[in-house]
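To keep things clear, I will list the structure first and then write my remarks on it.
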2 protein chains.
Amino acid sequence: MPRAGLTPDLVVAEASRLSDEKGFEALSLAAVAKRFGVATPSLYKHVDGLTGLRREVSLRAVTELGDRLQGAAVGRSGPDAVRALFGAYRAYAHEHPGGYAATQRGAAPTDHEAYAAFARPVEVIAAVLRGFDIPEARMVHTIRALRSAVHGFVDLEAHGGFRMPEDIDESYDVLVEGFIHVLERRPGHTGHGAEEAEEGEN
Amino acid sequence: MPRAGLTPDLVVAEASRLSDEKGFEALSLAAVAKRFGVATPSLYKHVDGLTGLRREVSLRAVTELGDRLQGAAVGRSGPDAVRALFGAYRAYAHEHPGGYAATQRGAAPTDHEAYAAFARPVEVIAAVLRGFDIPEARMVHTIRALRSAVHGFVDLEAHGGFRMPEDIDESYDVLVEGFIHVLERRPGHTGHGAEEAEEGEN
DNA sequence: GCTAGAAAGCTAACGCCAATAGCTAACGGC
DNA sequence: GCCGTTAGCTATTGGCGTTAGCTTTCTAGC
């Protein structure tokens, strides 16, 4: 009997595809094995159980998301960069719903590799926001606000939370432009601030 | 052997408690049964399987969330009402993490009872926003933006997405005040709008 | 107070999944 | 062409959801 020729990368790639098609919650070792025409236990030779597989899918997804954000932001600045960021973020979630969902399961605090991977998208956001006149003490709060806005919209949309007939793209525009408006005309204001800290998941 | 005295309400209440303690994903018939000192199949006399139990927990949660929002908004208007809304929303998520998570699994389109229940929190938000000078064509988009902001923040926070040392309450303030700022000083602007529609999940 | 029927909770059994142990056969280096 | 490595297998265990069918408790009505 010839071998299936699996590798960790192949398995994770197929798992990512599967979770994009059926949802991240539907990701199972049995389903992945079936796709390769292989028995479930065989996957253990390439992946550390279901937990490990989920972790790898998350890592892959968050890395790709980071790349996309970076790609969107490069060469732009100010409001344009923010628009590009918002756009790329939602586009990724549309193209890879399972991957985006995987992105939401944070990494264990001890898992340094995952920790770093999860920090990257945030770093890109931070870089873009530095183009605005935001006091250091407000930086982290602003990053968190942006992340909340994007993620909230994308997540609600993905779960079918917007049921009215109004155009969803237009709603996103309203959100994005509203956010930019605050960024531009509201640089300071709350003077009492904490000191700054370095990169990481804000 | 005396009976356990279960009722649908008791079962759902215990399930809600369990999912608040261990997470909505950890909700299982087996775990609920164990809490009552009862065999798993016994629960089928009160609840329509795991799917049904999840639905009931969701309904209960979304109803309570709606009540909380309403309670927070009543007697207030304008920015104060928005602040109260944001506050109550996050407070609910803190007190009932499992319930809040349950809230995110939307209802089936055919499930009219659930549909109505899920619409209620949105109706409260809509009522509060009517206190601002927002063009009808922009209303739904604004509601969606608010929901995105709150949910995004709460969801990221719940999943441990804010890892920097900065105070999270303060971040929430920044988000809330930013949103209010847009509401107050940016009533119109994009003139091209759709027509209005009635309540429902926006 | 007794009885009959409704219904609560039980055990048994099946299928699906994750996971571990241990076998076998295919592959690659020499 | 041989041999060690290892990919993939089968067998098995344990947990879960679900259905079927039984027994026993409770309660309504006489």
Side-chain angles (χ1 to χ4, degrees), chain A residues 1-61 98 101-102 105 107-108 110-111 114, chain B residues 1-61 98 101-102 105 107-108 110-111 114:
Chain A
M1 191 186 289
R3 293 195 175 170
L6 302 186
T7 68
D9 270 3
L10 277 177
V11 171
V12 174
E14 193 62 40
S16 299
R17 220 169 298 136
L18 192 147
S19 70
D20 279 339
E21 290 169 17
K22 313 275 186 186
F24 185 67
E25 339 71 45
L27 176 60
S28 71
L29 290 177
V32 173
K34 187 171 295 180
R35 288 221 183 186
F36 282 113
V38 141
T40 306
S42 308
L43 297 179
Y44 283 78
K45 287 281 153 71
H46 306 282
V47 136
D48 190 14
L50 181 60
T51 308
L53 182 62
R54 289 207 185 111
R55 175 182 176 275
E56 310 265 350
V57 169
S58 292
L59 275 187
R60 178 175 284 239
R105 324 274 155 187
T110 55
D111 187 344
Chain B
M1 192 185 290
R3 292 198 177 167
L6 302 187
T7 68
D9 270 5
L10 276 177
V11 171
V12 174
E14 193 61 40
S16 300
R17 219 169 298 136
L18 192 146
S19 70
D20 280 340
E21 291 169 16
K22 313 276 185 186
F24 185 68
E25 339 72 47
L27 176 60
S28 71
L29 291 176
V32 173
K34 189 171 292 181
R35 287 221 182 186
F36 283 114
V38 139
T40 306
S42 307
L43 297 178
Y44 283 77
K45 287 281 152 72
H46 306 282
V47 136
D48 191 14
L50 181 60
T51 308
L53 182 62
R54 289 208 184 110
R55 176 182 175 275
E56 309 265 351
V57 170
S58 292
L59 276 187
R60 178 174 283 240
R105 323 275 154 187
T110 57
D111 187 345

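Worth knowing before you read on, the calculation uses all heavy atoms, side chains too, and leaves out hydrogens, waters and symmetry mates. Fair warning: this is a prediction, and the values are worked out from it, not measured in the lab. So you know, we letter chains A, B, ... as the sequences are listed, proteins then strands, and number each from 1.
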With sequence neighbours excluded, residues passing side-chain hydrogen bond (donor to acceptor under 3.5 Å, both in side chains) with B:R55: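 Partners of B:R55 by the side-chain hydrogen bond (donor to acceptor under 3.5 Å, both in side chains) criterion, ordered by chain and then number, come out as B:D111, B:E113.
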
Strictly below 4.0 Å, heavy-atom distances to any atom of DNA chain C: list the hits from [range], or just say none.
{"range": "residues 5-13 of chain A", "value": "none"}
{"range": "residues 18-32 of chain B", "value": "none"}
{"range": "residues 46-61 of chain B", "value": "B:H46"}

Side chain of B:T40 - closest among D:dG17, C:dA19, C:dC10: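 Selected nucleotide (nearest to the side chain): D:dG17.
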
Nucleotide nearest B:P41 (side chain, heavy atoms from C-beta), chosen from C:dG9, C:dT20, D:dT18: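 Given the options C:dG9, C:dT20, D:dT18, the side chain of B:P41 is closest to D:dT18.
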
Taking all non-hydrogen atoms of both residues, which atom of [X] and which atom of [Y] are closest, and how far apart?
{"X": "A:A102", "Y": "A:S58", "answer": "O-OG, 3.1 Å"}
{"X": "B:D20", "Y": "B:G98", "answer": "OD1-N, 2.9 Å"}
{"X": "A:R60", "Y": "A:V12", "answer": "NE-CG1, 3.4 Å"}
{"X": "A:S19", "Y": "A:V57", "answer": "OG-CG1, 4.2 Å"}

A:L43 CG to D:dG8 C1', straight-line distance once rounded to whole Å: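 So the CG-C1' distance, A:L43 to D:dG8, works out to 10 Å.
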
Value in whole Å for how far the C1' atom of C:dA18 lies from NZ of A:K34: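 Taking NZ of A:K34 and C1' of C:dA18, I get 15 Å after rounding.
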
Distance (rounded to the nearest 0.5 Å) between A:S28 OG and A:L53 CG: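 Between atom OG of A:S28 and atom CG of A:L53 there are 9.0 Å.
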
Rounded distance (nearest 0.5 Å) linking atom CG of A:L27 with atom CG of A:L18: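 So the CG of A:L27 and the CG of A:L18 are separated by 6.0 Å.
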
Under 3.5 Å, which donor-acceptor pairs link side chains of residues 29-51 of chain A to any protein atom two or more places apart or in another chain?
{"residue": "A:R35", "atom": "NH1", "partner": "A:E14", "partner atom": "OE2", "Å": "2.9"}
{"residue": "A:R35", "atom": "NH2", "partner": "A:E21", "partner atom": "OE1", "Å": "2.5"}
{"residue": "A:S42", "atom": "OG", "partner": "A:A39", "partner atom": "O", "Å": "3.1"}

Short side-chain N/O contact from A:Y44 to OP1 or OP2 of C:dA19, under 4.0 Å: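 Yes, such a contact exists.
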
Nucleotide N/O of nucleotides 2-6 of chain D paired with protein N/O under 3.5 Å:
{"residue": "D:dT6", "atom": "O2", "partner": "A:R3", "partner atom": "NH2", "Å": "3.3"}

